[in-house]
Novice: 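Have a look at this one before I ask anything.
Since the model is a prediction, treat every value here as computed from it, not as a measurement.
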Amino acid sequence: YWGPRCESWSQVTLIGAKMSDDDKQKKLEELRAKSIEQGEVVRKLKTDKADKQAITEAVAELKARKKAVDALEKELAPKPEGSKYNREGLEELCKRRFFWSASFSIYGGVAGLYDYGPVGCAIKCNVLNLWRQHFVIAESMLELDCSVITPSPVLAASGHEERFCDLMVKDAKSNDYYRADHLLEDSLKELIEHKKTTPEQRKEYELVRAKADTYSKAELKELLIKYKCKAVVEGVAREIVPDPIDFNLMFATSIGPSGVHRGYLRPETAQSIFVNFKKLLEYNNNHMPFAAAQIGQAFRNEISPKQGLLRVREFTMAEIEYFHKDTEKEHPRFADVADVMLPLLSADAQMRGEPVKFVRLGDAVAQGVIANQSIGYFIGRIFLFLKAVGLDCGDGTPGDVGAVRFRQHMETEMAHYARDCWDAEAATSYGWVEIVGCADRSAYDLDAHSRAAKLPLQAQEPLDEPRVEREIQVLPNKGPMGKALRKAMQPVCIHLEALGQEEK
């Protein structure tokens, strides 16, 4: 381990129950200091180019310390006098009044599928109408309504067929399935809270639990066996087969009676915006920048849905894709949101163990905390929408930090194609939950579909004066190549076509 280990979040809660608020505040400062210490360790390991395993373990330790800080911050957060939130009671009331209910309940229902009743449907429509007014109409966006069924080649090009997977394990008797990393987390949580667990064991369990979603298939199997993980259903422990297998979260289907054309229910609405880029550009008279939006259903075949409406198998998404020239990151309306005060938790602040800070949006962009004006503009607009829809966004004054924050992805969790990524998170009875994602994805998706469809999804810019550029082209002599390579010729030609100018 790197440095002294802080208490687990469960320990902090127990200690806090016996401490005054002043003592809790002192404890919080101590935990923050330990997080800062661990953040410096992570920085040094990266600077020294230490091995990947050492960096991964150090980052996991940092995340565990951050969880301890978050837990005590939540405990110290001001609460209205006499308030006591009863989630189970509220959910039962909503179901009884038919705000929502399990789908097909007279047949026993299906986990992860829900129906909205009259009031729930009205609330949902109001939220979507406000979203459309706030973004689509106010910003003159181009709105689409695309097919839910998506052909296999589209999601193969986007990477969903290969990478949109979770690892799962099976109940030895009932053949029920459980998400492997969640099962490990739940089992370790029980071990952490067990009275006979020693401080050394607790440290080990916390470290492993913090890294649960980073383990490979082989590592997960080893850990499931080591900690004798079992699935607990209605208080009964069930044996599991500790051999994790890949499970793709997309609902597969066949298109047409022959079954030859494979397809999926879309896992997101964004890909249908990307594949229509050329038509949208032409509709916009080839003018850049522009934004396209879509509201619609998406489907994810969750292994074991939990947390009520937070993790379901069918849900409504509202997505925006903003297209602009790669070298022009300024936004024409950035001045409209530059003075908005945002609750930010930057990657750097997370490394130092610092709490959320309210920062003027214009300053955050100028200082490079937020990468550029374009992503900054939409972060500001998202914040204003969350405030308009009724979330407690706070104002940054002492005691009014609100229940919303924008958390920047750390380097270890950033997608390889993303240049910057922020999640709007809300404080709930389940903890901090991501409700909006805002990322600078560069041209990753357009490039992927251009290669797969062999159609350039690009915008052209008229130049004041003609410009001549030299380009190297590879022209395979397919006759001799076919005789020499036979069946191997096609993949070789595809590889040659995909080469960039520098590689050629």
Side-chain angles (χ1 to χ4, degrees), residues 100 103 112-116 120-139 141-151 154-155 157-161 163-166 248-253 263-277 280 291-302 305-323 375 378-379 381-386 388-389 391 404 406 409 415 418 421-426 428 430 433-441 444-446 449:
W100 74 80
S103 300
L113 299 180
Y114 291 91
D115 295 333
Y116 288 97
C121 189
I123 293 172
K124 178 181 175 182
C125 286
N126 286 341
V127 172
L128 293 178
N129 287 338
L130 179 59
W131 189 90
R132 180 177 277 114
Q133 182 67 46
H134 184 86
F135 289 107
V136 181
I137 296 175
E139 305 278 349
M141 295 181 179
L142 309 180
E143 187 173 5
L144 295 86
D145 185 2
C146 300
S147 173
V148 166
I149 298 174
T150 307
V154 176
L155 294 169
S158 67
H160 284 78
E161 274 197 341
R163 295 189 294 269
F164 202 64
C165 299
D166 282 335
N248 192 290
L249 298 179
M250 294 190 294
F251 284 96
T253 186
Y264 300 94
L265 300 182
R266 65 185 179 192
E268 62 181 28
T269 57
Q271 297 307 318
S272 51
I273 297 178
F274 295 132
V275 299
N276 279 303
F277 171 77
L280 290 166
Q294 182 170 195
I295 300 173
Q297 295 301 97
F299 306 83
R300 296 182 183 180
N301 196 8
E302 298 286 350
K306 296 179 182 178
Q307 300 179 331
L309 297 177
L310 284 180
R311 185 176 288 275
V312 294
R313 286 171 167 149
E314 178 183 355
F315 52 96
T316 302
M317 298 185 78
E319 291 195 74
I320 296 167
E321 299 299 335
Y322 178 65
F323 301 98
I375 189 171
F378 284 100
I379 289 174
R381 292 290 292 162
I382 290 166
F383 179 72
L384 294 175
F385 172 76
L386 296 179
V389 88
L391 272 69
V404 172
F406 283 83
H409 282 206
C421 187
W422 293 78
D423 289 340
E425 298 180 333
T428 73
Y430 291 106
V433 174
E434 176 197 348
I435 51 178
V436 186
C438 191
D440 183 344
R441 298 170 62 96
Y444 174 82
D445 298 278
L446 293 179
H449 289 299

Novice: Compare every heavy atom of Ala292 with every heavy atom of Ile273, then report the nearest pair and how far apart it is.
Specialist: CG2-CB, 3.8 Å
Novice: Give the intermediate values and the outcome of side-chain contact (heavy atoms from CB on, under 4.5 Å) for residues Trp100 and Asp115.
Specialist: CA-CA 6 Å; Trp100 74 80; Asp115 295 333; over 6 Å; no
Novice: Can you find a pair of side-chain heavy atoms, one from Ile435 and one from Leu386, that are under 4.5 Å apart?
Specialist: yes
Novice: Report the C-alpha separation of Glu321 and Arg441 in whole Å, then their side-chain angles, then the decisive distance to 0.1 Å, and conclude whether the salt bridge (charged side-chain N to carboxylate O under 4.0 Å, His left out) test is met.
Specialist: CA-CA 10 Å; Glu321 299 299 335; Arg441 298 170 62 96; 5.2 Å; no
Novice: Work out which heavy atom in Ser272 is nearest to a heavy atom in Leu144; give both atom names and the distance.
Specialist: O-CD2, 4.4 Å
Novice: The test is side-chain contact (heavy atoms from CB on, under 4.5 Å); show your working for Leu113 and Val312 and say whether it passes.
Specialist: CA-CA 6 Å; Leu113 299 180; Val312 294; over 6 Å; no
Novice: Please report the interatomic distance CD(Glu268) to CZ(Phe299), rounded to the nearest 0.5 Å.
Specialist: 13.5 Å
Novice: Taking the side chain as every heavy atom from C-beta outward, state whether Asn301 and Leu265 have any atom pair closer than 4.5 Å.
Specialist: no
Novice: If you measure only the distance, is there a donor-acceptor pair under 3.5 Å linking the side chains of Thr269 and Gln294?
Specialist: no
Novice: Is the shortest side-chain heavy-atom distance between Glu139 and Arg381 below 4.5 Å?
Specialist: yes
Novice: For Glu434 and Glu425, indicate whether the former's side chain and the latter's backbone hold a donor-acceptor pair under 3.5 Å.
Specialist: no
Novice: What's the separation between atom SG in Cys438 and atom CD1 in Ile375, rounded to the nearest 0.5 Å?
Specialist: 4.5 Å
Novice: Out of curiosity, Tyr114 OH to Leu309 CG, how far, rounded to the nearest 0.5 Å?
Specialist: 6.0 Å
Novice: Between Phe385 and Phe135, does the ring centre distance come in under 6.0 Å?
Specialist: yes
Novice: Please report the shortest heavy-atom distance between Val136 and Ala293, naming the atom on each side.
Specialist: CG2-CB, 3.8 Å
Novice: How close do Phe406 and Ala424 get, heavy atom to heavy atom, and via which atoms?
Specialist: CE2-CB, 3.6 Å
Novice: Given Met250 and Leu155, is the side-chain contact (heavy atoms from CB on, under 4.5 Å) satisfied, shown in steps?
Specialist: CA-CA 10 Å; Met250 294 190 294; Leu155 294 169; 3.5 Å; yes
Novice: So do Asp423 and Val436 actually touch side chain to side chain, heavy atoms under 4.5 Å?
Specialist: no
Novice: Tell me, do Tyr264 and Val154 make a side-chain contact under 4.5 Å, heavy atoms counted?
Specialist: no
Novice: Are the side chain of Arg266 and the backbone of Gln297 linked by a donor-acceptor contact shorter than 3.5 Å?
Specialist: yes
Novice: To the nearest 0.5 angstrom, please state how far the NE2 atom of His449 sits from the OG atom of Ser158.
Specialist: 5.5 Å
Novice: Counting neighbours of CD1 on Ile149 that are heavy atoms of other residues, nucleotides or ligands and sit closer than 6.0 Å, is the number greater than 12?
Specialist: no
Novice: Can you tell me how far the CG atom of Leu280 sits from the CZ atom of Phe323, to the nearest 0.5 Å?
Specialist: 7.0 Å
Novice: Say you draw a straight line from CE of Met141 to CD1 of Ile320; how long is it, rounded to the nearest 0.5 Å?
Specialist: 3.5 Å
Novice: Should the heavy atoms of other residues, nucleotides or ligands under 6.0 Å from CG of Asn129 be counted, would the total exceed 12?
Specialist: yes
Novice: Would you call Arg132 and Glu143 a salt bridge, using N to O less than 4.0 angstrom?
Specialist: yes
Novice: Check the angle between the aromatic planes of Tyr322 and Phe378 and answer parallel, tilted or perpendicular using the 30° and 60° thresholds.
Specialist: tilted
Novice: Look at Arg300 together with Glu314 and state whether they make a salt bridge at an N to O cut-off of under 4.0 Å.
Specialist: no
Novice: State, to 0.1 Å, how close Cys146 and Asn276 come at their nearest heavy-atom pair, and which atoms those are.
Specialist: SG-ND2, 3.8 Å
Novice: Pair Gln271, Asp445 - check side-chain contact (heavy atoms from CB on, under 4.5 Å), show working.
Specialist: CA-CA 8 Å; Gln271 297 307 318; Asp445 298 278; 3.4 Å; yes
Novice: Ion pair present between Glu302 and Arg311, side-chain N to carboxylate O less than 4.0 angstrom?
Specialist: yes
